[in-house]
Every structure is written in structure tokens, then in C-alpha cells.
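A, B, ... follow the sequence lines: proteins, then strands. Residue 1 opens every chain.
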2 protein chains.
Amino acid sequence: MVRKEITIKDVARLAECSPTTVSRVINNSEHPVSKDTAEKVEAAIKRLNFSPNRIAQGLKNDKSNIIGVIVHDICDSYFAQMIKGMEEFISEHEYIVNIYNTSRDVDKELHAVNMLKANRADAVVFAAGALMDKRYEREMYNVVEQLKSQGTILLGVTPHPFAIKNISLANQKAAEMITDYAIENGHQKIAFISGPQNLYTSYLRKQGVIKSLENHSLQFKQELLFEGDFTFEGGRKAALSLLNKIDQITAVVAANDATALGLIWELNNQGVKVPAEISVLGIDDLPEAKYSYPPLTTISLPIYNLGTNIGEYLLAQLNEEYDINIKPVEPKLLTRDSLKNIE
Amino acid sequence: MVRKEITIKDVARLAECSPTTVSRVINNSEHPVSKDTAEKVEAAIKRLNFSPNRIAQGLKNDKSNIIGVIVHDICDSYFAQMIKGMEEFISEHEYIVNIYNTSRDVDKELHAVNMLKANRADAVVFAAGALMDKRYEREMYNVVEQLKSQGTILLGVTPHPFAIKNISLANQKAAEMITDYAIENGHQKIAFISGPQNLYTSYLRKQGVIKSLENHSLQFKQELLFEGDFTFEGGRKAALSLLNKIDQITAVVAANDATALGLIWELNNQGVKVPAEISVLGIDDLPEAKYSYPPLTTISLPIYNLGTNIGEYLLAQLNEEYDINIKPVEPKLLTRDSLKNIE
DNA sequence: TTGTATGCGTTATCAA
DNA sequence: TTGATAACGCATACAA
């Protein structure tokens, strides 16, 4: 297959003018163009179905129009929603949304950043939480510095161990809020299902739980800490290992909704009544959280909105409008039916 | 922020050679380069953290390295899985995966294609099913022709009303299979919850149901056709409108799993026992389908694998290896517990 | 084995 | 109001 690209020159030939003039018409340039030629150019453009080569424009203007987005798992609603929110805003404004799915793998994460560097991305969003890994931190730091000196705009959702603007997602606060709620409803024997070990987000959410307990003069008990991985399956497994300590527990806070949903499912499966015998709480408010049995009490983190806010912020930055801030997104308690008041 | 890009020239200066030589080293060119200079170049590259500007390379080589993917809703597991599969393959090979989320909107769909044209995408995947809309068909046809003459490789998942290679996803066959299964289990009074009206995929799945019924000398009854929209919410609504005809129905085939899951949820909610009082069947095998109450009997369409197969195919095409075919992906019946044998 | 000149498609600068 | 020319970063044909 032979590429036969239509260029500004073809348009110029047809409109009987110079490429320069065509360029002026295309870009609504300040530089005056007579109405007559402008019309001829427009006609030629239409006739040839010409659209200017954005790649070439980019080369000239020192812009790639690429916005990179790094996520852990696009199949996870959390990331899917964020991407959708960003995409909504960004591709409307003629930017290319370039997704990387890293499965929390250090190499893939580095590969993504290096590609983005090679493609001279205009902006990179670290939508995925930072990995807690020495090599990741070290090598990321380097590439990020290189991206910076290229002029790439960088943005992290949740804190990252390199100097870029980070949006706090209130992870810790969310975990604190949901734990507070449990305690206010008379729960003291609270288990926690963690997220993946190597993820900073996991760490923050755990800290939130600990803080809430401390604020209420309660102690975080290591034996009531179970490991999860932010997935439904992980929640199911946690439910199983939780089973033989069930008399020591009245409520379980899961590090995220996917985990909580898995918990509820497996508890039901094992004949343990939620919330009659044990309360289950989540964080995120996934779309499916309201359809579990019972509907999940959780903290809403409006991720889709976060996505659009990020998009808005990036565009402002890219247009060099400086004093713009990212609109914050507030966690909100959603009381449904998976918690029982036991006071 | 000033962009200060490191270029091949900087490397040349540091390595005390010409840019041409640097280019040869970068590209492992056939053209001989002395070991000595090669090493100097490598050293300079490392020292400057240089990576060649892929955009500029693309301009020169007539490649954008962009692969566009058009989906309806990235939050829908179906699309998320397909993208994940493709991404796995594609970004590993230094391509840019450029996602467009169109929400089945004709304008957004056209916008996406036009952007992809302007960016001289190397390939475009129409992962989203075609819309049944006159303007869509007409304007899409035009842009697609223009993409073709630009040399863009085009691929559609499920048939599209313009001349591109389409991978059949066995939509019709899947619907036929699941309906066959219901009939084989003694069901004759079968309702169908459709997908969105304007979607060709919906049409195909409906045809599959009709064909199965006809093959068994049964009639498709218009009054047992309910409208859905491929979403959980749509399934819930369908359940409600289905309620007053429930004595005329023993099984419901939903156009997809999301719908089936919504159906089951709302039926449970209304106190209708699945499958004791009514059987519910889906198509897709979403990850969550095995966690409904009862677990959903459905047809698996291994979408993630389809994604990787598409990726593999595209790369072969882009490398001009011609006689490659897309590995087909076979629908498979997954019998779980949402159907009752009533023979 | 190395380097110079040219061009990819576009736009900014300058001159007319 | 228009256009010729150079340049963005890179790779290739050609010359040395």
C-alpha cells in the first residue's frame, strides 16, 4: 500500500497560490489574506479533503499533542472512569490520549515513561499510584527529570516519589472517614483488608484506618490485618482467611470496593450474614457497589469528575494559563446497608 | 517553561562526528560505522540521555506510530478488556495507542476519525460496533476512503458499513447458541432484551435469537421483545417491564451480560426467583458474571484474547507481512446456575 | 568509514 | 496582500 498524502502544496497548486498562504488560511493567521484567495483556498481544501498533518505541525511548533496516561489496569473501574473523564475533555481539544497499562510492573512503568519521552509528550499523567520499589523510584526520578527539561507537564494522582505536581486524592482521609463511621456505630473490633503491598495508595488507606482508630483511642491489631490486592478475587480470599477469626471481628474495612464486594460475596457464599453477623465497608463507590447484597456502604471518590478536572487543568497548563488549580474532589460517605449499628 | 530538546546534533557534537553517523548508530544501520566512533556515540547518547524524536522520525519515514482505537465506552468491561489486550501487544512494540471514547455519538465518532486522519494514524481499529445512522454511514464512508488512500490500515470488530476488513465476533452465533441451549432445556416461552436500537451488534444478536427459534420451529414474539441498552440499569428497567408478562415467559435471553446482571438483580429485588421462576441468560462472560446470584449462564467471547490477536495482526500488517490472518476467537457456552431445565 | 546535501510537511521570518 | 526561504529533528542518496 502506497501512502499518498495530500499536502499543503497540493492545496496551493489547486488554489493557485503559495503554500504560505494556505498555511495562513488554515491557521486563521493574523497576517492578512484577501477574501478572494481565502475562498479559493477553502474550496481547494474541501475539494481535496485536506487536513494539515498534525505531526508535521507539531515538529514545527515543538508540540506533539500527545498526553500520556499511565494506569495500572484499564479494566479496573477506577482507572476506566478516570480515563473516560480525561478523554472527554482532552480529545475534544485535539489532543491524543495515549494510554499505558502497566499492571503495576516496574519495567512496564519505565517503558511507558520512556516511550512518552521519545514521543516528546506534551503532558504525562501518572494516574496510577506510585510503586514502592527502589529501582522504580530511582529510574523514574531520572526520566522524570528528563521529561521536565523537555518541557513536559507532569501530574500525579496521589503522591509520587519524584518532584511533580501531585493531586491528593484524599485516600487517607477516605479511609479515616469510613473507619470513623464504623466506630460511631459502635464497632470496635475492626479488621482491615489491605491493598497490594508495593502500592503507596495502599499504604495511605491503611494509615487512614490506623489514624481513625487512634483518634478513638483504639488500637490497630496486626492479627486483624489481612492482605488483599484491590481485586474482587483478593476480597474473596481475604474472606476465607478471615473466617476463623470471625468472633474477634464485628466490622471489616476493605481497602477498596472491589475487595469489599469480593468479601461480601464470599461471606454470603459461606453463609455468614452481612451485616447481621459482620459489617463490611469499602472505599471508592464503584458503579456496582450499590448492587451487592447488601448494597455497600462506602466512600465515594468521584473519579470521573477528577478525570475531567485533570483534563481541564492540563489544557490550561498547555495553553500557558498559569494560576489554574485542579478542582479538588471531595470524598463523601455513602450509607447503604452493609453496616449494622451495634451500639 | 522553555523546551530544550536534546537532538542528534548535540550527540554528534559530543561524539565528535556527524549527525549522519549518529543516525546510523541509532538505527543499527547496514552502513558501516567503525567500532571506535560507534562507542563514542553510544557514550554520548548515554551521557545526554538522548532518545531520538519519534515524531521527527515518523515525519521522515512516513509513519506516525499511532494506532487509533475507537470504543463506545471504556468503562464497559467489554471494551476495557479488548483495549487491554491490544495495548499489551502494541505499546510493547513502540506504538502509541490512542483511545477515543465516543458514547455512541455520531459526532464524536466522526471527530475521532478525523483526528486520526489528521494525525496520519498508521492503523485504526473500530472496536466499537457500527452505528445504524444515515449520516454516520455516509460521512464515515468518506473519511474511511481518505484514510485508506493515506495508507492507514483499517480494522473493524464486527461488520461495518464501509469497506474495511471486519473481524466477525460471532455475535449472531453467540446469540443463537445461548438460545439453542435454552430451548434444549425445555424452554419455549423465551423473552429477549435487546441492545441499543442504533447498534449493528444489537441487530446481530437479535437475529441470532430469531434464527435459533426458527430452527426449532418456534416463533419470535414481538410482545416478548423488551428494549435494553447493554447496561445494568437497562437490564433492571427491562425486568420491571417484564414483570407483568411473567406468566408468558420461562426464560429471558439478554443481549449482553450487563443487561442479564441487571435483570437478575431486579428480579431478585422484586422477589422473583431465578432460575426457579424464570431463567436468565447472557452473552459476553463478563468477569463479574460468575458472581451474580445465581451465577450467570452465558456465552464466553474471549475479548481480551481478541485484543491481543488484533494487536498481533496489526503489527504484522504494519511490518508488511501480508498473508497473516486474525486468529479467530470462538464463542463458548458457560453453563452456570441461572437456567433451570424444565423438560 | 565518514560526511554533505536534501527533503519529509509545516510555519516563521523576511522581503517584495 | 503575497511569496521565497529557512528551519523543526531526522534519515537517506550520494560523494568523498
Side-chain angles (χ1 to χ4, degrees), chain A residues 2-41 44-45 48-66 94 117-122 150-151, chain B residues 2-41 44-45 48-66 94 117-122 150-151:
Chain A
V2 184
R3 287 216 157 193
K4 226 183 65 190
E5 189 167 344
I6 292 162
T7 77
I8 210 173
K9 284 182 196 164
D10 300 313
V11 178
R13 199 172 309 125
L14 189 62
E16 295 173 311
C17 65
S18 73
T20 307
T21 305
V22 176
S23 172
R24 286 181 183 131
V25 173
I26 288 170
N27 298 301
N28 293 315
S29 156
E30 295 292 308
H31 197 105
V33 175
S34 81
K35 205 176 166 195
D36 197 43
T37 39
E39 275 167 9
K40 271 162 82 181
V41 171
I45 289 175
L48 296 172
N49 287 312
F50 168 76
S51 22
N53 183 331
R54 308 256 316 154
I55 304 275
Q57 290 182 319
L59 184 64
K60 187 73 200 161
N61 307 334
D62 218 358
K63 284 189 128 208
S64 63
N65 301 308
I66 294 174
E94 317 261 295
K117 179 191 161 200
N119 286 308
R120 308 296 189 262
D122 290 340
Q150 268 183 203
Chain B
V2 184
R3 286 217 156 192
K4 225 184 65 190
E5 189 169 343
I6 292 162
T7 77
I8 210 173
K9 284 184 197 165
D10 301 312
V11 178
R13 201 172 309 126
L14 188 62
E16 295 173 311
C17 67
S18 73
T20 307
T21 305
V22 176
S23 171
R24 286 181 184 131
V25 174
I26 289 171
N27 298 302
N28 293 316
S29 155
E30 295 293 308
H31 198 104
V33 176
S34 81
K35 204 176 167 193
D36 196 45
T37 38
E39 275 166 11
K40 272 162 80 181
V41 169
I45 288 175
L48 295 172
N49 288 312
F50 169 75
S51 22
N53 183 330
R54 307 254 319 152
I55 302 277
Q57 289 182 318
L59 186 63
K60 185 70 201 166
N61 306 335
D62 218 358
K63 285 189 128 210
S64 63
N65 300 307
I66 294 173
E94 318 261 294
K117 179 191 161 197
N119 286 308
R120 308 297 190 259
D122 290 340
Q150 269 184 202

Looking only at the side chain of Gln57(B) (C-beta and beyond, no hydrogens), which of the listed nucleotides dT10(C), dT1(D), dC10(D) gets closest?
dC10(D)

From dT2(C), dT2(D), dC10(D), pick the nucleotide closest to the side chain of Thr37(A)?
dT2(D)

What's Val33(B) touching, base or sugar-phosphate or nothing? Going by heavy atoms closer than 4.0 Å.
sugar-phosphate

Minimum-distance nucleotide to Asn61(A) side chain [options: dT2(C), dT11(C), dA11(D)]
dT11(C)

Atom-to-atom span, CG of Asn27(B) to C1' of dT12(D) - whole angstrom:
11 Å

Which nucleotide sits closest to the side chain of Ala56(B): dC10(D), dT2(D), dT10(C)?
dC10(D)

Considering only dC8(D), dT2(C), dT10(C), which nucleotide approaches the side chain of Leu59(A) most closely?
dC8(D)

Is Lys9(A) close enough to dC8(C) that one of its side-chain N or O atoms is under 4.0 Å from OP1 or OP2 there?
yes

Gap separating the CG atom of Asn119(A) from the CG atom of Asn65(A), nearest 0.5 angstrom:
12.0 Å

Distance check needed: dG9(D) P versus Lys63(A) NZ, whole Å only.
16 Å

Interatomic distance, Ile8(B) atom CD1 to Ile26(B) atom CD1 [nearest 0.5 angstrom]
4.0 Å

Taking CD from Glu30(B) and P from dA13(D), how many angstroms apart are they, rounded to a whole number?
12 Å

side-chain contact (heavy atoms from CB on, under 4.5 Å) between Val41(A) and Val11(A), worked out:
CA-CA 7 Å; Val41(A) 171; Val11(A) 178; 4.3 Å; yes

Sugar-phosphate, base or nothing in reach of Ile8(B), heavy atoms under 4.0 Å
sugar-phosphate

Check whether any side-chain nitrogen or oxygen of Ser34(A) sits under 4.0 Å from OP1 or OP2 of dT2(D), and answer yes or no.
yes

Show the numbers, then the answer: is there a side-chain hydrogen bond (donor to acceptor under 3.5 Å, both in side chains) between Thr21(A) and Ser18(A)?
CA-CA 5 Å; Thr21(A) 305; Ser18(A) 73; 3.2 Å; yes

Across the strands shown, which category fits Thr20(B) at heavy-atom distances under 4.0 angstrom: base, sugar-phosphate, nothing?
base

Can you name the nearest heavy-atom pair linking Lys63(B) to Asp122(B), along with the distance?
CA-OD1, 3.7 Å

Remember a base hit wins even if backbone is also touched, and classify Pro52(A) as base, sugar-phosphate or nothing at under 4.0 Å, heavy atoms.
sugar-phosphate

I need the CD1-P distance between Ile55(B) and dA11(D), as an integer number of Å.
13 Å

Identify whether any heavy atom of Ser29(B) sits under 4.0 Å from a base atom; if not, whether one sits that close to sugar-phosphate; answer base, sugar-phosphate or nothing.
nothing

Rounded off to whole Å, could you give me the CZ-to-C1' distance for the Arg120(A) and dC10(D) pair?
11 Å

If I take atom CG in residue Asp62(B) and atom P in nucleotide dC10(D), what distance separates them, rounded to the nearest angstrom?
18 Å

May I ask you to evaluate whether Thr7(B) reaches the phosphate of dG9(D), defined as a side-chain N or O under 4.0 Å from OP1 or OP2?
no

Tell whether Arg24(A) reaches the base of dG3(D) with its side chain through a donor-acceptor pair below 3.5 angstrom.
yes

With a cut-off of less than 4.0 Å, is there a side-chain N or O of Asn53(B) near OP1 or OP2 of dC8(D)?
no

Heavy-atom pair with the smallest gap, counting every atom of Glu94(A) and Arg54(A)
O-NH2, 3.0 Å

In whole angstrom, what separates Asn119(B)'s CG from dC8(C)'s P?
20 Å

Per nearest nucleotide of DNA chain C, the residue lying toward the 5' end, Glu16(B) or Lys60(B), is Glu16(B)

Compare the minimum distances between each of dG9(C), dG3(C), dG9(D) and the side chain of Glu5(A), then state the nucleotide with the smallest one.
dG9(C)

Quick one: does His31(B) reach the base of dT12(D) with a side-chain donor-acceptor pair under 3.5 Å?
no

In whole angstroms, the gap separating P of dC8(D) from CD of Gln150(A) amounts to 17 Å

Atom pair CD (Gln57(A)) and CG (Asn27(A)), whose distance is rounded to the nearest 0.5 Å:
6.0 Å

Quick check on dT1(D): is either OP1 or OP2 less than 4.0 Å from any side-chain nitrogen or oxygen of Thr21(A)?
no

